[in-house]
Chemist: 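Below is a structure I'd like to ask you about.
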Amino acid sequence: MSLIAHRNLKAVKLLTTTARAERPSVALAITTFVGAARKVIMKGARLFVQAAQAIAEARQHKAAIEAELYRNRYKHSSKNDDDLPIVH
C-alpha cells in the first residue's frame, strides 16, 4: 500500500508543479491585457478632455465677441437660410 501512496504522491507533486508553472503565464497575459486596456481607456479619456476643452474654448470666444461687439446687450445667432429657395 505504501507503493501506491508513493506513486499517487508523485502524481500530485507533478500536477502542482505544472499548475504553478502555468500561473505566471496566465498572470502575464492578464497583466498585458489590463495594461493594454488601461492605455486605451487613458487615450480615450484624453481625447474626451481635449474635445471638452475645445468646446469650452469656443464658447468663451463667442461670449467675448458678443461682449465686445454688442456690450452684452444682444446675443449673436447665425441665420439659417437652408429653407429659402435658390435663385438663379
Chemist: Enter the distance from Gln60:CD to Glu57:CD here, rounded to the nearest 0.5 Å.
Modeler: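 Result: 7.0 Å between the selected atoms.
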Chemist: Yes or no on side chain to side chain contact (heavy atoms under 4.5 Å, CB included) for Val49 and Gln53, after CA distance, side-chain angles and deciding distance?
Modeler: CA-CA 6 Å; Val49 168; Gln53 286 176 347; 3.8 Å; yes
Chemist: Give the cluster check for Val34 versus Val26: same hydrophobic cluster or not, with ILVMFWY residues linked at side-chain heavy-atom distances below 4.5 Å.
Modeler: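 Yes, Val34 and Val26 fall within the same hydrophobic cluster.
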